[in-house]
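For reference, the structure is listed below as structure tokens.
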Amino acid sequence: MALNLATQVGTLCGTPVVVDSGSVARVDQQSGPMAAWKPQPAGEQNLRCRIQKSAEQEEIDVTLPMSPGRPPLLMGAQPDLSVADKEAVKLEEAAVVMEHLGGGGGSVKGVPVFVMMPLDTVKPGGRLNRRKAINASLMALKNAGVEGVMIDVWWGLVEKDRPGEYDWRGYDELLDTARRIGLKVQAVMSFHQCGGNVGDSVTISLPQWVLEEMDKDPDLAYTDQWGCCNYEYVSLGCDMLPVLKDRTPIQCYADFMRAFRDHFAPLLGTTIVEIQVGMGPAGELRYPSYPELNGTWKFPGIGAFQCYDKGRWEWGNGGPTDAGAYNDWPEDTSFFRHDGGWNGPYGEFFLSWYSQMLLDHGERILSSATSVFDSAQVKISVKVAGIHWHYGTSSHASELTAGYYNTRYRDGYLPIARMLGRHGAVFNFTCVEMRDGEQPNEAACKPEELVRQVAAAARDAGVELAGENALSRYDEAALEQILNTAARGAEEKMAAFTYLRMGPYLFQPDNWRRFVAFVKNMTEGRGEQFRELLEKEADRSVYATVPQVQSSN
């Protein structure tokens, strides 16, 4: 059990936490949220904790009975109580957290920062994974000034076995923990498979009953010109067909969102402040044109069009035959090379149709989402992929295969922004942390220019722009780039930024020190002071006198 809040309290606000274990005390600089992600050693018994609230406040002593499965104070624990006392303790718990951990969050002058939770935070069977580590880590995030967390609500876990039967148990516990600590939540309606994309560390399939229908009719899956089916997401070609146990995919998504709304109604608008609607692989509005699963695609391949579902004449008769393969480069193909067919009459016809199908798909799901959450006082957002490789070529081949009709002569992001604007949705974009100079020159990567184009499209369409980092980055260069991109003055700043991702690496001392300074600069809108704050954080001391207590539950 992770009681040592050295990283959470000592490093962040200079308030020492002094913890006694019997009559023996020592300093352990390795404790903190990071330790809570490791296996739990046996033999830890009762701990006595003295918490100094501030310089002018008195200390308090709390004895913590360490019964099996119960985390200590500030992690949801409490002494054994009578039934009559339990409600009072619940009411006091949030106040204790806020008072002793410094609050965090609050009024944000700059850009509020959210942090993505681990992909496997909720396990199959409705259980919260690494419960004590999650609790300790959320406390640390709160104290660092983080606004909230992003949570994947997996279709494949909640409606796993039978249509219309929803199991919210793991999310009940997770959202209640966020509420108690005072963190806001961006809830992602994850209608896609986890596994097979960049950063996927676990596998969570679509609901079993959906996979059964896809096995019966492979045309429910996206298909490439070689007949390979992709099971990450139900093909948009059957959005309006009753192919999933007499419901259309759009009806399934709407029913799922409605069930979520009804179940978590008390938290909507207070704890749950945003609903991000999954629209494709990795939750992004795109085709699965660059699947990493089984080595099908590798960076910086151009990917492949996904429009060969049999039985649909538009799809079966469409698609260029000279567009190469997943790992080709633009100049390897007749279609994508600088003078290729992409810029001719057929190319313009096909690409217009292919991208419009994706826009129509987004429109249909957003119409359902805004109808479901119409009175819920939450924002609706949509994530668009930051496909920056081959951006410097004429054809922008990698974007075209993903469904973004963006070329040297055409803005493919303005139509997306306008579609989102019609529904009041937030435009969430990735690759905000990347710099042009970090990428291989031969792949013509221009992430900075791409982000500027997307920001301009959002501005022209009058929609809010939010951002994410595409890869897990903890280094100073990436955090500075995010600051430069996200907090560029009052008129240019992003509506929010979501950091990828919470886990043991984030809480390593150097990474955590940089992250705390980053959050402070983002929320206070003072990007130019990032290095100065880093130096200050490095000088802060940490006081802790408890043996390392760890948890894998």
Side-chain angles (χ1 to χ4, degrees), residues 94 105-108 112-117 121-122 126 138 146-155 157-159 164-192 247-279 283-285 361-384 417 419-428 458 462-466 468 494-498:
S107 178
V108 176
V113 175
F114 290 76
V115 176
M116 294 186 200
M117 299 288 289
T121 296
V122 174
L138 293 183
V146 167
E147 185 80 1
V149 293
M150 175 176 279
I151 297 169
D152 281 289
V153 184
W154 294 106
W155 187 26
L157 293 184
V158 174
E159 198 179 358
E165 294 185 9
Y166 307 100
D167 183 358
W168 304 109
R169 286 175 296 173
Y171 294 100
D172 283 328
E173 184 176 359
L174 180 57
L175 287 164
D176 186 65
T177 300
R179 176 202 59 77
R180 173 174 53 80
I181 292 173
L183 289 169
K184 296 178 181 177
V185 171
Q186 298 168 319
V188 184
M189 303 291 101
S190 295
F191 299 121
H192 61 283
R247 289 188 296 169
T248 70
I250 297 296
Q251 287 175 329
C252 290
Y253 305 149
D255 289 346
F256 184 91
M257 290 187 286
R258 190 174 298 108
F260 178 89
R261 178 202 65 190
D262 293 345
H263 187 84
F264 294 105
L267 300 180
L268 292 173
T270 52
T271 296
I272 302 170
V273 296
E274 181 178 323
I275 302 295
Q276 186 174 108
V277 188
M279 296 194 171
E284 297 165 336
L285 177 64
H361 171 68
E363 193 99 49
R364 286 190 287 268
I365 298 182
L366 271 179
S367 295
S368 295
T370 53
S371 175
V372 168
F373 295 104
D374 180 54
S375 59
Q377 301 299 310
V378 294
K379 288 185 176 183
I380 303 294
S381 70
V382 173
K383 184 161 70 171
V384 176
M419 184 270 290
L420 299 180
R422 287 193 290 273
H423 300 276
V426 177
F427 194 136
N428 189 299
V463 302
E464 288 187 297
L465 180 67
E468 297 180 6
M494 289 183 171
F497 177 80
T498 305

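Since this is a predicted model, take the numbers as computed values, not measurements. Worth knowing before you read on, the calculation uses all heavy atoms, side chains too, and leaves out hydrogens, waters and symmetry mates.
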Look at atom CD of Glu165 and say whether more than 12 heavy atoms of other residues, nucleotides or ligands are closer to it than 6.0 Å. yes

Minimal non-hydrogen separation, [X] against [Y], with atom names:
| X | Y | result |
| --- | --- | --- |
| Leu465 | Ala458 | CB-CB, 4.1 Å |
| Ala466 | Met494 | C-SD, 3.9 Å |
| Lys379 | Ala495 | NZ-CB, 4.4 Å |
| Ala178 | Val185 | CB-CG2, 3.8 Å |
| Leu183 | Val149 | CD1-CG1, 4.3 Å |
| Val463 | Gly421 | CG1-CA, 3.3 Å |

Name all residues meeting the side-chain contact (heavy atoms from CB on, under 4.5 Å) criterion together with Asp172; count only those two or more places apart in sequence or in a different chain, and write none if there are none. Trp168, His263, Phe264

Under the rule for side-chain contact (heavy atoms from CB on, under 4.5 Å), what residues qualify as partners of Ala376, not counting sequence neighbours? Leu268, Phe373, Val378

[X] side, atom [atom1]; [Y] side, atom [atom2] - distance, nearest 0.5 Å:
| X | Y | atom1 | atom2 | result |
| --- | --- | --- | --- | --- |
| Leu267 | Asp176 | CG | CG | 7.5 Å |
| Asp152 | Tyr171 | CG | OH | 7.0 Å |
| Ile151 | Met116 | CD1 | CE | 12.5 Å |
| Arg180 | Thr271 | CZ | OG1 | 11.5 Å |
| Lys184 | Ile272 | NZ | CD1 | 13.0 Å |
| Arg364 | Thr248 | CZ | OG1 | 9.5 Å |

With His423, the side-chain contact (heavy atoms from CB on, under 4.5 Å) member among Thr370, Ile365, Val277: Thr370

Leu138 vs Met117, test: side chain to side chain contact (heavy atoms under 4.5 Å, CB included). Steps then yes/no. CA-CA 10 Å; Leu138 293 183; Met117 299 288 289; 3.8 Å; yes

So do the side chains of [X] and [Y] get within less than 4.5 Å of each other, counting heavy atoms only?
| X | Y | result |
| --- | --- | --- |
| Thr270 | Arg179 | no |
| Leu285 | His361 | yes |
| Phe256 | Met189 | yes |
| Met419 | Leu366 | yes |
| Phe260 | Ile275 | yes |
| Trp155 | Cys252 | yes |
| Phe427 | Val384 | yes |

Distance-only, no hydrogens or angles: does the Ser371 side chain make a donor-acceptor pair with backbone N or O of Ser367 under 3.5 Å? no

Backbone N or O of Gly278 within a donor-acceptor pair of the His192 side chain at under 3.5 Å? no

Under the salt bridge (charged side-chain N to carboxylate O under 4.0 Å, His left out) definition, can you give me all pairs with a residue in residues 256-267, not counting sequence neighbours? Asp255-Arg258

